[in-house]
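One structure is given below, encoded as structure tokens.
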Amino acid sequence: MKLNRHFYQKNTLEVAEELLGKNIVREQNNTYMKAVIVETEAYIGKDDTACHASKGLTQRTEVMFGEAGHAYVYFVYGMHYMLNIVTEETNFPAAVLIRAVEPIEGMEAMIKNRCLTGKSLTGKSLTGKSLTGKSLTGKSLTGKNLSNGPAKLCQALNINKSLNGWDLTLGKKLWIEENPSLPEFQIGNSPRIGIGYAEEKDRIAAWRFFIKHNPYVSRK
DNA sequence: GTGAGGATGCACT
DNA sequence: GTGCATCCTCACG
């Protein structure tokens with residue numbers, strides 16, 4: 001059962017926490033990839049200086065100002081995509097960043113995607129990946145290295161700008177499946193990662209959620 | 001095991 | 001021109 005619009009229209013912190021344990025599903029050329037969400041972060045409104053929307057409505061951020069349940073996919077560091085899910089009501093810019101997932105189905109396709117997307121358009125290797133499922137130094141791209149980070153999971157699931165604005169309630173290409181909620185004691189929280197530019201109140205806000213002891217969580 | 005540094009393109013002053 | 005909601009490799013213990 002895919003999650004409906006109502007699920008995403010709630011308070012962003014609530015959505016971020018409830019997304020833990022849910023399955024993200026990616027359909028690509030009749031191949032299905034499935035993974036459990038194990039780490040999320042909430043970015044909430046113009047007053048949150050870590051949130052891209054704090055600078056107002058721009059071409060980049062307009063999806064966040066739109067209807068809940070759509071994907072906000074953006075590009076950073078010249079090489080990485082990030083997947084967010086828009087929350088709350090229309091015109092209130094907020095989203096949940098998916099930071100890490102644990103693959104449960106279609107892992108071969110994910111490994112292939114990770115190898116392929118690590119290359120530039122000119123075919124030159126950017127990060128030392130070969131097509132053998134290992135990096136050039138022999139480090140495995142399988143196991144937790146497959147999707148224990150926001151850019152990694154986008155590579156594995158082949159999520160890119162073409163999915164920016166995609167409606168996750170359609171149940172096609174990309175959506176989230178219902179799963180039983182996790183017991184409270186399995187959920188940890190902490191400040192968000194990689195937002196040193198934000199104001200202190202936002203840097204210290206514990207708006208990152210993760211499944212305790214799950215090996216796919218990106219950092220302690 | 002940890003930490004520095006580079007790769008890289010796009011949105012936005 | 002600046003600065004990223006990152007990942008990978010290499011050097012060092």
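Since we're looking at a predicted model, the values are computed, not measured. Quick note on labels: first sequence line is chain A, next is B, and so on, each numbered from 1.
If you check every strand for non-hydrogen atoms under 4.0 Å, Arg192(A) touches nothing. Among the protein residues, Ala50(A) comes within range of the nucleic acid bases, having at least one heavy atom under 4.0 Å from a base atom. Using a 4.0 Å heavy-atom distance criterion, Leu97(A) is classed as a base contact.
Rounded to whole Å, atom C1' of dG9(B) lies 15 Å from atom CD of Gln59(A). We find that CZ of Arg60(A) is positioned 11 Å from P of dC4(C), with the value rounded to whole Å. Rounding to whole angstrom units, NE2 of residue His52(A) and P of dT13(B) are separated by 13 Å. Here the P atom of nucleotide dA11(B) and the CE atom of Met82(A) are 15 Å apart, to the nearest Å. Atom NZ in Lys55(A) sits roughly 13 Å away from atom C1' in dC10(B) (whole-Å rounding). At whole-Å resolution of the value, CD1 in Ile204(A) and P in dA5(C) are 19 Å apart. Here the P atom of nucleotide dT6(C) and the CG atom of Asn145(A) are 16 Å apart, to the nearest Å. Across the protein-nucleic acid pair, Tyr81(A) atom OH and dC10(B) atom P stand 8 Å apart, rounded to whole Å.
The partner of dA5(C) is absent, by the rule that a Watson-Crick or G-U pair needs both atom distances under 3.5 Å. Of the nucleotides present, none pairs with dT8(B) by Watson-Crick or G-U wobble criteria with both distances under 3.5 Å.
Ion pairing of Glu18(A) with Lys10(A) is present here, as a side-chain N (NZ or NE/NH1/NH2) and a carboxylate O approach within less than 4.0 Å. At a threshold of 4.0 Å, the pair Arg99(A)-Glu41(A) counts as salt-bridged, since one of the basic side-chain nitrogens sits closer than that to a carboxylate oxygen. Between Asp167(A) and Lys172(A), no side-chain nitrogen of the basic residue sits less than 4.0 Å from a carboxylate oxygen of the acidic one, so the salt-bridge criterion is not met.
If you check residues 63-77 of chain A against DNA chain B, the residues with a heavy atom closer than 4.0 Å are Phe75(A), Tyr77(A), listed by number.
Outside the 6.0 Å centre-distance limit, the rings of His80(A) and Phe75(A) are not counted as a close aromatic pair.
Of the side-chain N and O atoms in Lys152(A), one or more sit less than 4.0 angstrom from OP1 or OP2 of dC8(C). Look at Lys161(A) and you'll find a side-chain N or O under 4.0 angstrom from OP1 or OP2 of dA11(B). Taking 4.0 angstrom as the limit, Arg114(A) places none of its side-chain polar atoms (N or O) nearer than this to OP1 or OP2 of dC7(C). Close to dT8(B), at under 4.0 Å from its OP1 or OP2, lies no side-chain N or O of His80(A).
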- request: Given side chain to side chain donor-acceptor pair (under 3.5 Å), test Thr49(A) with Asp202(A) step by step and report yes or no.
  value: CA-CA 6 Å; Thr49(A) 58; Asp202(A) 298 319; 2.6 Å; yes
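A distance-only check finds no donor-acceptor pair linking the side chain of Arg192(A) to the backbone of Ala205(A) [under 3.5 Å].
Nearest approach of Leu146(A) to Pro103(A), heavy atoms of both residues: CD2-CG, 4.0 Å.
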